[in-house]
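Below is one structure, written out as structure tokens; comments come after it.
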Protein chains: 2
Amino acid sequence: MKSKFGHKIRILRGKQKLLLRELAPLLEMDTAQLSKIERGERQAKKETVLKIAKILNVNSDELVTLWLADQICEVVKDEKNALLAMMVAEESVKYLKK
Amino acid sequence: MKSKFGHKIRILRGKQKLLLRELAPLLEMDTAQLSKIERGERQAKKETVLKIAKILNVNSDELVTLWLADQICEVVKDEKNALLAMMVAEESVKYLKK
DNA sequence: ATATATTTGCCAATATATGACAAGTCATCA
DNA sequence: TGATGACTTGTCATATATTGGCAAATATAT
């Protein structure tokens with residue numbers, strides 16, 4: 001799967017029986033773009049993520065999390081030390097939270 | 001600390017008693033840029049990371065890891081679900097490795 | 001075949017990142 | 001105190017990447 005976020009919203013859109021051409025205008029974009037986002041060919045903006053959550057009536061935290069995870073994967077893809085780097089980054093984040 | 005990678009190379013440079021104006025030309029950049037990279041004000045390119053490892057004679061994996069961690073931190077900074085997103089991303093990476 | 005839904009390819013517009021340079025600060029010391 | 005050396009800061013033009021939008025192509029279903 002190319003994009004967790006895209007996959008998720010495609011499923012949600014399907015469940016609610018919405019078409020690309022119906023959802024896209026609500027997000028002020030054209031169907032082609034939304035199609036690309038769903039297939040992970042293009043990244044959504046955070047603003048778009050939040051809008052989608054509202055429209056599809058789902059918890060925005062969940063969508064934002066998937067969307068962030070996609071971006072992290074993009075950063076570390078093909079990197080031998082991907083997992084290690086993520087652990088190092090986690091430590092920083094935990095430290096900053098304190 | 002704004003950048004793990006930058007911090008690390010500044011330490012290494014210090015230990016080897018190299019000046020910005022000495023190291024920078026070896027990396028084909030000017031001192032201002034290197035200074036910004038060391039302070040995390042600007043991101044190094046991967047190519048630069050590898051070059052620095054060679055010149056400072058350190059293991060490139062370690063530097064690449066720090067550099068990746070910086071980028072991950074950049075992606076998730078200010079995000080409430082940063083840690084969760086990282087865990088989700090980790091799962092994907094682990095899965096892809098199989 | 002026709003109609004509808006989605007995908008693809010392309011390009012112009014926009015945004016972001018980069019490199020280069022000049023001027024700035026700061027500490028040291030003659 | 002003022003000259004020097006190391007580093008930092010600000011700016012700007014340009015390179016690079018991302019985006020939006022459209023038209024055409026490809027499914028998919030009737």
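Below, chains carry the letters A, B, ... as their sequence lines are ordered, and counting in each starts from 1.
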Check your understanding: With B:D30, which residues qualify under salt bridge (Lys or Arg N to Asp or Glu O under 4.0 Å), at least two apart?
Key -> none
Practice item. Not counting sequence neighbours, which residues clear salt bridge (Lys or Arg N to Asp or Glu O under 4.0 Å) with A:R42? List them please. Key: none
Exercise for review: Could you list all the salt bridge (Lys or Arg N to Asp or Glu O under 4.0 Å) pairs where at least one residue sits in residues 17-26 of chain A, not counting sequence neighbours?
Suggested key: none
Review point. What residues form a side-chain hydrogen bond (donor to acceptor under 3.5 Å, both in side chains) with A:E41, not counting sequence neighbours?
Key: A:R39
Under 3.5 Å, side-chain donor or acceptor atoms of residues 45-57 of chain B against the rest of the protein: list the pairs with distances, not counting sequence neighbours.
residue	atom	partner	partner atom	Å
B:K46	NZ	A:E79	OE1	3.2
B:K46	NZ	A:E79	OE2	3.0
B:K51	NZ	B:E28	OE1	2.6

In whole angstroms, how far is the [atom2] atom of [N] from the [atom1] atom of [X]?
| X | N | atom1 | atom2 | result |
| --- | --- | --- | --- | --- |
| B:K2 | D:dT8 | NZ | P | 12 Å |
| A:M29 | D:dG21 | CE | C1' | 12 Å |
| B:D30 | C:dA23 | CG | P | 15 Å |
| A:L34 | C:dT8 | CG | P | 14 Å |

Check your understanding: Using purine N1 to pyrimidine N3 plus N6-O4 or O6-N4 for Watson-Crick, or N1-O2 and O6-N3 for G-U wobble, both under 3.5 Å, which nucleotide pairs with C:dA5?
Key -> D:dT26
Check your understanding: Does a nitrogen or oxygen in the side chain of B:S35 sit under 4.0 Å from OP1 or OP2 of D:dC7?
Key -> no
**Study point:** Distance-minimising heavy-atom pair for A:G40 and A:K2
**Key:** O-CE, 3.8 Å
My understanding is that only residues two or more places apart in sequence, or in another chain, count here; which of them pass side chain to side chain contact (heavy atoms under 4.5 Å, CB included) with [X]?
| X | result |
| --- | --- |
| B:K80 | A:D61 |
| A:E62 | A:K8, A:N59 |
| A:I11 | A:H7, A:K15 |

Below 3.5 Å between N/O atoms, which protein atoms pair up with nucleotides 9-18 of chain C? Just atom names and distances, please.
residue	atom	partner	partner atom	Å
C:dG9	O6	A:K36	NZ	3.0

Practice item. Give me the residues of residues 5-26 of chain A where at least one heavy atom lies under 4.0 Å from an atom of DNA chain D, by number, or none. Key: none
Could you run down the sub-3.5 Å N/O contacts of the protein with nucleotides 24-30 of chain C?
none

For a quick test of your reading: what N or O donor-acceptor pairs under 3.5 Å do the side chains of residues 68-77 of chain B make, sequence neighbours left out?
residue	atom	partner	partner atom	Å
B:D70	OD1	B:K4	N	2.9
B:D70	OD2	B:S3	OG	3.2
B:D70	OD2	B:K4	N	3.3
B:D70	OD2	B:F5	N	3.0
B:E74	OE2	B:K77	NZ	2.5

Check your understanding: Are A:I37 and A:L26 in one and the same hydrophobic cluster, where Ile, Leu, Val, Met, Phe, Trp and Tyr link if side-chain heavy atoms are under 4.5 Å apart?
Key -> yes
Exercise for review: Using heavy atoms to find the nearest nucleotide of DNA chain D for A:I37 and B:T31 separately, return the residue whose nucleotide is more 5′.
Suggested key: B:T31
